[in-house]
Amino acid sequence: MDMEKLVSLCKRRGFLFQSSEIYGGLNGFWDYGPLGVELKRNIKEAWWRDMVAAHDELTVAAGAPGTYEMTGLDCTIIMHPQVWKCSGHYDLFCDMMQTCRQCKKLVRSDHVREMLRESDWVQALLAEVRCGLDATAPAWEAEALLPWVKKTCRKKAPGFAAVRDPEAAVEQLRVAQLSGGSPLTLWEALARLATPEPAAGLQLPCPHCGGDLTEPREFNLMFESHAGALKSEENRVFLRPETAQGIFVNFKNVLDSTRVRIPFGIAQIGKSFRNEITPRNFTFRSREFEQMEIEFFCHPDTSRKWYEYWRDRRMKWYVDLGLAGDRLRLRDHAADELSHYSTGTADIEYAFPFLDAGEYGELEGIAHRGDFDLRSHMEGKLDPTTCPLQVEAGADGKPKYRGSGRDLAYRDEVTNERFIPHVIEPSAGADRAALAFLCEAYREDQAPDDKGDMQTRVVMRFHPRIAPVKVAVFPLVKKDGMPEVARDLYRALKAKVTAFYDEKGAVGRRYRRQDEAGTPYCITIDGQTLADRTVTLRNRDTLEQTRIRLDDAVEEIAARVQ
Ligand code: ATP
């Protein structure tokens, strides 16, 4: 699927707009349009309903080690700064970043290669030398790069070191190639051309202008603000980078105010903010986004079983809503990828069309977090730079950050056992889910137009539960009493589901517009309706048209879109 076509459909049909577009937009921020807001709301509602509201705490769910309860929370975006110190975000929530000395733009260090590969001047290089420029590629002539440096780079990458003295740079590359024995990789070649004095260490160039990048340095991703009139250190606050911490700090409140008992989960949906260095790939990496998170508290002895349950349960949720096939996968982290406190983490990933073949992007992470979070908020943290490991109960040494001092342990009423619960965290992004559902839904196929000729149509095949509009109602023509009947039906439908009314233009054109919006059903009121009170029900995916009774239409649609 062509990502550009989807991006343009999203704008044209009102799924997604760039934030503040009339002022040139703001990088990393997106607005949901009239169709997009319905799609995202449906995803969040499906998640809440399936995970929380409709959860049956009396019956053992398939694959679960026992029954469990679910409840919800809605916490503030700004919390006490100590929350972020004890959670580790204040010291450790960083990405490595480099600045271009020429164009001054910032780049995330682990994105440099991907961005270079995507940049049109490097693409032009790959086309020029017609080989992969990797270790397995046939030998290539350094001189063949001269026209590329002189033409493409001068225009598109003016900061590239080789632009200043192309002959000398290419000669240096030739010498390196001869002395190296094996062909240079793309990255070696670029680094040689980008570094005037290679003896000081090779460095990849800036993907934007080809200029030289500074050494990588840490950059904390939390947005800062000040609570109160004074912009002082004491008033410094942070916009939450995840919703999870609000749940941990309210753990005791939930226990004390409800009758939930372990095992149980607390769910929250809400905005999170990360000052991503290089927001990219449409909404995939945004600076403001929404998360749907569960913290599931259980006994340490059964925590592994609960982790496995949640990992499989969450994967099934995406499959049930239509993300099937080889584009979706569940990937268990290897031991060396795990955080020091985690005994298991898995990602649910989707092969987004903007990624290279074989690459996947994270939709959701499911982590076994042990007692790390509750313990941190109880006891505080040692200096994470000198002692990254969590303070053990009874360990010596004063924590750098004091915890709340509250007892966040749990006492089992039956056994009287006291323990700090273990936590399983399924953490999903509503925007990444929406993007995956948009990518998965996009199809082009053939359908007959008003004259019966086959035409290419764009159709968004959303699962009916998440489709922004469930049904559209059309009078075939704007006369003979058809609009009146259609409007009455529309009003009746609207009381139950999201419905749309349209009486303008040829009916085939109206069907096409609903196909692009992903509306699963259209109902047309025609001459026959007035005679026998039946209507045409058209199915978006099969294009099948059947006649149903007008008086059954509301119940029929409500049942089909559940
Ligand atoms: P990534 O490695 O892609 O930056 P992450 O591992 O940091 O993601 P988590 O901290 O596990 O992400 O956050 C949980 C979920 O929140 C992610 O799976 C994703 O769906 C969503 N999310 C995280 N960062 C962003 C972002 N910048 N834009 C949109 N969604 C995000």
Side-chain angles (χ1 to χ4, degrees), residues 16 18-19 26-32 36 40 43-44 47 51 77 84 87-89 92-97 108-111 114 219-223 238-248 267-296 307 310-311 314-315 317-318 321 323 328-334 337-339 341-342 344-352 354-355 359-369 372-373 423-439:
L16 280 157
Q18 208 185 356
S19 162
L26 187 60
N27 202 6
F29 295 88
W30 295 93
D31 294 335
Y32 284 80
K40 192 164 146 190
I43 292 169
K44 290 186 289 180
W47 183 88
M51 298 301 119
I77 284 167
W84 306 112
S87 71
H89 287 84
L92 301 172
F93 194 56
C94 302
D95 280 334
M96 299 308 281
M97 173 192 80
R108 207 172 120 174
S109 298
D110 60 344
H111 286 175
E114 200 184 326
F219 173 77
N220 194 296
L221 299 183
M222 281 198 294
F223 277 100
F238 305 93
L239 306 196
R240 68 179 174 201
E242 60 172 36
T243 58
Q245 296 305 321
I247 300 180
F248 293 125
Q268 171 163 226
I269 298 180
K271 288 259 175 156
S272 290
F273 300 80
R274 295 183 188 179
N275 200 357
E276 298 279 358
I277 300 162
T278 39
R280 55 215 292 270
N281 290 336
F282 207 14
T283 58
F284 181 83
R285 189 166 302 287
S286 307
R287 288 178 167 145
E288 175 174 342
F289 54 94
E290 251 176 308
Q291 290 185 308
M292 308 184 291
E293 294 196 294
I294 295 170
E295 303 305 327
F296 187 80
Y307 162 70
W310 278 108
R311 194 191 54 186
R314 289 301 306 144
M315 178 71 177
W317 188 78
Y318 292 99
L321 284 178
L323 287 195
L328 188 72
R329 75 172 184 191
L330 180 69
R331 186 179 68 82
D332 285 310
H333 283 209
E337 268 184 283
L338 296 177
S339 318
Y341 48 78
S342 181
T345 298
D347 286 344
I348 296 172
E349 301 178 327
Y350 183 74
F352 286 97
F354 46 76
L355 300 173
E359 284 187 9
Y360 289 77
E362 178 182 324
L363 286 181
E364 170 162 351
I366 300 103
H368 185 312
R369 299 182 61 88
F372 176 77
D373 306 275
V423 167
I424 314 301
E425 177 187 79
S427 169
D431 307 84
R432 286 199 190 165
L435 187 57
F437 286 122
L438 279 164
C439 293

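We're numbering straight along the sequence, starting at 1. All values below come from the heavy atoms of this structure, side chains included, with hydrogens, waters and symmetry mates left out. Just so you know, ligand 1 is whichever comes first in the structure, and atom 1 is the first atom listed for that ligand.
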- request: Name the option, out of Gln291, Arg280, Arg285, that contains the heavy atom nearest to atom 16 (O) of ligand 1.
  value: Gln291
message: Students should be able to answer this: which protein heavy-atom is nearest to atom 14 (C) of ligand 1, and at what distance?
response: Ser427 OG, 3.0 Å
Side chain, backbone, both or neither: Glu364 near ligand 1, heavy atoms under 4.0 Å: backbone
task: Identify the protein heavy atom lying closest to atom 29 (C) of ligand 1, giving its residue, its atom name and the separation to 0.1 Å.
output: Phe284 O, 3.2 Å
- request: Please assess Arg274 against Glu288 for the test salt bridge (Lys or Arg N to Asp or Glu O under 4.0 Å), listing each intermediate value before the final yes or no.
  value: CA-CA 7 Å; Arg274 295 183 188 179; Glu288 175 174 342; over 6 Å; no
- request: Determine whether any heavy atom of Asp431 lies closer than 4.0 Å to an atom of ligand 1.
  value: no
query: Where the closest heavy atom to atom 27 (N) of ligand 1 is concerned, which of Ser272, Gly28, Ser286 has it?
result: Ser286
field: Tyr350 ring center within less than 6.0 Å of Phe352 ring center
entry: yes
query: Side chains of Tyr32 and Asp431: is there a donor and an acceptor less than 3.5 Å apart?
result: yes
message: Taking the six-membered ring of Phe273 as reference, does the cationic atom of Arg287 (NZ for Lys, CZ for Arg) lie under 6.0 Å from its centre and within 45° of its axis?
response: no
- prompt: For ligand 1, is any non-hydrogen atom under 4.0 Å from Glu293's backbone (N, CA, C, O), its side chain (CB onward), both, or neither?
  reply: neither
field: Closest to atom 25 (C) of ligand 1 (judged by heavy-atom distance), picking from Phe289, Tyr350, Phe93, Trp30
entry: Phe289
query: So which of Met292, Glu362, Glu425 gets nearest to atom 6 (O) of ligand 1, if we judge by its closest heavy atom?
result: Glu362
query: Taking C-beta and beyond as the side chain, do Glu362 and Glu364 meet within less than 4.5 Å on heavy atoms?
result: no
message: Tell me the protein heavy atom at minimum distance from atom 21 (C) of ligand 1, and give that distance in Å.
response: Gly429 CA, 3.8 Å
task: Identify which of Arg432, Glu349, Arg274, Glu242 has a heavy atom lying nearest to atom 10 (O) of ligand 1.
output: Arg274
query: Counting heavy atoms only, which part of Leu363 comes closer than 4.0 Å to ligand 1: side chain, backbone, both or neither?
result: backbone
- request: Answer yes or no on whether Arg314 is positioned over the face of Trp317, meaning its NZ or CZ is under 6.0 Å from the six-membered ring centre and within 45° of the axis.
  value: yes
message: Are the side chains of Arg280 and His111 in contact, using a 4.5 Å heavy-atom criterion?
response: yes
task: Verify salt bridge (Lys or Arg N to Asp or Glu O under 4.0 Å) between Arg432 and Glu290, making sure each step is shown before the conclusion.
output: CA-CA 9 Å; Arg432 286 199 190 165; Glu290 251 176 308; over 6 Å; no
